[in-house]
*Asks:* 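First, the structure itself, so that you have it in front of you.
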Amino acid sequence: AQKVTQAQTEISVVEKEDVTLDCVYETRDTTYYLFWYKQPPSGELVFLIRRNSFDEQNEISGRYSWNFQKSTSSFNFTITASQVVDSAVYFCALSEVSGANSKLTFGKGITLSVRP
Amino acid sequence: SQTIHQWPATLVQPVGSPLSLECTVEGTSNPNLYWYRQAAGRGLQLLFYSVGIGQISSEVPQNLSASRPQDRQFILSSKKLLLSDSGFYLCAWSSPAGYNSPLHFGNGTRLTVT
């Protein structure tokens with residue numbers, strides 16, 4: 001069975017600090033996709049990134065970076081120089097290979113609070 | 001561009017009353033559609049998904065049901081709500097391309113059963 005663990009439940013940092021959100025996953029599939037979503041206080045989930053299991057290159061997008069390590073089944077997310085607008089709940093998710101749909105298994109989310 | 005609309009935004013219903021939440025997608029054809037529930041302090045749980053009109057798959061046994069009467073319309077229903085049905089309900093769509101397609105979510109419906 002698929003499983004996504006986000007061991008950190010709440011993180012509080014001061015603006016401009018760097019913060020890393022951890023994600024560990026379990027799957028028996030050799031091909032899979034990993035995702036990160038952001039849920040601001042307004043409630044909607046915003047898609048941030050997708051990574052496939054064959055691409056272990058780290059990715060940087062502005063202040064965001066992702067570190068995918070298959071050896072440790074981890075897909076960690078780092079926010080550099082955090083800002084108050086980064087305050088949100090962040091979800092890591094894993095896709096299930098089940099034909100024509102994208103059934104995602106989500107972690108329980110990490111609540112990030114960035115204080116001014 | 002594709003958009004997803006979900007309504008109502010908030011709903012307060014008494015125990016035992018019926019429920020109908022609606023979700024529509026624009027700007028795409030034959031999307032995969034999903035209903036997720038987010039209970040307080042917990043992650044997102046997949047309730048139903050659909051790969052086509054009239055095709056519904058249920059992930060968890062419960063007193064909720066889903067229907068897809070049109071290609072881009074997805075409805076979540078209940079005949080009699082329970083207190084445990086309270087939560088944040090999110091509709092989502094993805095491309096029919098497969099498991100690598102990201103989900104795109106609506107703004108959600110916050111349901112409180114009293």
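Not measured: the values here are computed from a predicted model.
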*Asks:* Report which part of A/Gln6 has an atom under 4.5 Å of a heavy atom belonging to chain B: side chain, backbone, both, or neither.
*Replies:*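 Neither part, no heavy atoms under 4.5 Å.
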*Asks:* Any chance you could measure A/Ile60, atom CD1, to A/Thr80, atom OG1, to the nearest 0.5 Å?
*Replies:*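 The distance works out to 8.0 Å.
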*Asks:* Taking A/Gln8 for its side chain and A/Thr20 for its backbone only, find out whether a donor-acceptor pair lies under 3.5 Å.
*Replies:*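 Yes, because the side chain of A/Gln8 sits within donor-acceptor range (under 3.5 Å) of the backbone of A/Thr20.
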*Asks:* Give a yes or no on whether a salt bridge exists between A/Arg51 and A/Glu59, defined as a side-chain N under 4.0 angstrom from a carboxylate O.
*Replies:*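 A salt bridge is present here (some side-chain N lies under 4.0 Å from a carboxylate O).
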*Asks:* Please flag which part of B/Leu44 lies under 4.5 Å from any non-hydrogen atom of chain A: side chain, backbone, both or neither.
*Replies:*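 Both parts, backbone and side chain.
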*Asks:* Check each atom of B/Gln38 against the heavy atoms of chain A and say whether the ones under 4.5 Å are side chain, backbone, both or neither.
*Replies:*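 Contact with chain A involves the side chain of B/Gln38 alone.
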*Asks:* Relative to each other, are the rings of A/Tyr64 and A/Trp66 parallel, tilted or perpendicular (30° and 60° limits)?
*Replies:*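 Correct class here is perpendicular.
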